[in-house]
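Lettering follows sequence order; numbering is per chain, from 1.
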Protein chains: 2
Amino acid sequence: MAKGHMAIGALARIAGCKVETVRYYELAKLMHPPERSPAGQRRYTEIDAKRLSFIRRARNLGFSIEEVRGLLAMVDDQEHSCDSVRATALSHLQNVQQRLADLRTMESVLGDMISECTGGTVPDCPILDALFSDHPEDNRAPSI
Amino acid sequence: MAKGHMAIGALARIAGCKVETVRYYELAKLMHPPERSPAGQRRYTEIDAKRLSFIRRARNLGFSIEEVRGLLAMVDDQEHSCDSVRATALSHLQNVQQRLADLRTMESVLGDMISECTGGTVPDCPILDALFSDHPEDNRAPSI
DNA sequence: ATAATACCTATAGTAACTATAGGTATTATC
DNA sequence: GATAATACCTATAGTTACTATAGGTATTAT
């Protein structure tokens, strides 16, 4: 296999996902249809590997396929004006920052549980009380 | 409706999700079966509202139903020893911290795009290069 | 040369919702 | 107090984002 051109299995291993997932992302138009070997097998580049890793991480963080499409559009659409990219990026940034706030709360509560726990059983677990009893506006529009 | 006892619609509104989702979480054993009105309608408490909000936020952050079940088990299982809660919390904490790292990278790249963009079109978008070209071990076991 | 492995397409199955149908409760208005 | 609007009920079908399987071809290792 020529350097810089890998088969689908190698690509999937790099990104930490299944081969089937890669083919699914091609069908879903998140991944571009790649070059094919003379016999018809898919051949990928390093750029494809970066793109797939990005998609997997975004999915793991709870972004929907549609949201990932929106993020990738900022990469793909070289035609877009800076102003529109700016606006899209800003809306994605707010989305990301909300998630960061939730995760930081989660981190601190888990940290507390680990340090405060001093043996025996847990009589009155504070996790639900501490976590997310505030900001009820979780109707945040997906910033696609 | 007696204070502190709300119908499913009010509960769903508080947590920012659909009524159907609440019923689905009951089926999936994430929410406890609630009290019923004389005619058979579900009646929820403030505690249920906190629990549902927690589930929704965890799901938005990419935790699977199984993972959420694991987190909730720390709340529900009053029998568990502090040591086992500690171990579970630690494994969840590592999971959360990995997500935090990914999200922080995403935040900084989006921030850069917003501040660096100075008009015209974007000739060479750095987003894929900057994002996630590193740490390829995304095979992190779900820490249930 | 041939066996093991990796790839191909097409299709079916799963997880986590989401929507619909057909019917009963609750609440609001006259 | 009748009735209309809204919210609730169960059961079931549909959607999204994968994941697994079947039956067959390519590539690689021995």
Side-chain angles (χ1 to χ4, degrees), chain A residues 1-3 5-31 33-44 48 51-72 138-139 141-142 144, chain B residues 1-3 5-31 33-44 48 51-72 138-139 141-142 144:
Chain A
M1 189 86 57
K3 184 189 174 293
H5 277 78
M6 60 192 119
I8 197 169
L11 185 81
R13 192 160 2 85
I14 288 172
C17 74
K18 305 260 162 72
V19 163
E20 292 81 4
T21 308
V22 180
R23 288 196 282 249
Y24 173 77
Y25 287 157
E26 186 180 333
L27 193 73
K29 312 255 184 209
L30 290 185
M31 292 295 285
E35 303 280 306
R36 298 279 183 142
S37 79
Q41 297 195 353
R42 290 169 181 84
R43 292 293 178 258
Y44 294 97
D48 294 319
R51 189 181 179 97
L52 180 59
S53 296
F54 171 74
I55 296 169
R56 288 309 302 153
R57 273 158 211 283
R59 292 287 302 123
N60 279 340
L61 293 168
F63 291 89
S64 70
I65 292 281
E66 268 312 298
E67 287 175 302
V68 176
R69 224 191 291 281
L71 286 161
L72 288 173
D138 206 356
N139 307 308
I144 303 172
Chain B
M1 189 84 58
K3 183 190 174 293
H5 279 78
M6 60 192 121
I8 198 169
L11 184 82
R13 193 161 0 86
I14 287 172
C17 73
K18 303 262 163 70
V19 163
E20 291 81 6
T21 308
V22 181
R23 288 196 282 248
Y24 172 76
Y25 286 158
E26 187 181 331
L27 193 74
K29 312 258 184 206
L30 290 185
M31 291 295 286
E35 302 279 305
R36 296 281 182 141
S37 80
Q41 295 194 356
R42 290 169 179 85
R43 293 294 178 257
Y44 294 97
D48 295 320
R51 189 181 179 96
L52 180 59
S53 296
F54 171 74
I55 296 168
R56 287 309 302 152
R57 274 160 211 284
R59 291 288 300 123
N60 279 339
L61 293 168
F63 292 89
S64 71
I65 292 280
E66 269 311 299
E67 286 175 303
V68 176
R69 223 190 292 280
L71 287 161
L72 288 173
D138 206 355
N139 308 309
I144 302 172

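- Among all heavy-atom pairs drawn from B:M31 and B:D48, the shortest one is CE-O, 3.5 Å.
- Looking at heavy atoms from C-beta onward, A:L27 lies out of side-chain contact with A:R23 at the 4.5 angstrom threshold.
- Between the side chain of A:R51 and the backbone N or O of A:L30 there is at least one donor-acceptor pair closer than 3.5 Å.
- Under the 4.0 Å criterion applied to side-chain N and carboxylate O atoms, A:R42 and A:E35 are not assigned as salt-bridge partners.
- Contacts of B:E20 classified as side chain to side chain donor-acceptor pair (under 3.5 Å), with partners at least two apart in sequence or in another chain: none.
- Atom C1' of nucleotide C:dC7 and atom NE2 of A:H5 are separated by 17 Å, given to the nearest angstrom.
- Counting only N and O atoms by type, the side chains of A:Y25 and A:R56 include a donor and acceptor under 3.5 Å apart.
- Distances shown here put a side-chain N or O of A:S37 below 4.0 Å from the OP1 or OP2 atom of D:dT27.
- In this structure, CG of A:L27 is placed 12 Å from P of D:dT16, rounded to the nearest angstrom.
- The interatomic distance linking B:E26 (CD) with D:dC8 (P) rounds to 14 Å, in whole Å.
- Each of A:A39 and B:Q41 was matched to the nucleotide of DNA chain D holding its nearest heavy atom; the match closer to the 5' end belongs to B:Q41.
- Remark: DNA chain D takes part in the stems C:1-30 with D:1-30, each of 3 or more antiparallel Watson-Crick or G-U pairs, criterion distances under 3.5 Å.
- Protein atom CD1 of B:I8 is 15 Å distant from nucleotide atom C1' of C:dT26, rounded to whole Å.
- The closest side-chain heavy-atom distance from B:L71 to B:F54 is below 4.5 Å.
- In this structure, A:M6 places its CE atom 12 Å from P of C:dC7, rounding to the nearest Å.
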### Message
Across nucleotides 9-23 of chain C, 5' to 3', mark each nucleotide with B, S or - according to how protein heavy atoms within less than 4.0 Å reach it.
### Response
B------BBSB----
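- Looking at B:E66 and B:R69, a side-chain N of the basic residue comes within less than 4.0 Å of a carboxylate O on the acidic one, giving a salt bridge.
- The CZ atom of A:F63 sits 17 Å away from the C1' atom of D:dA17 (whole-angstrom rounding).
- Two residues are said to be in side-chain contact when any heavy atoms from C-beta on lie closer than 4.5 Å; A:I14 and A:M6 meet this criterion.
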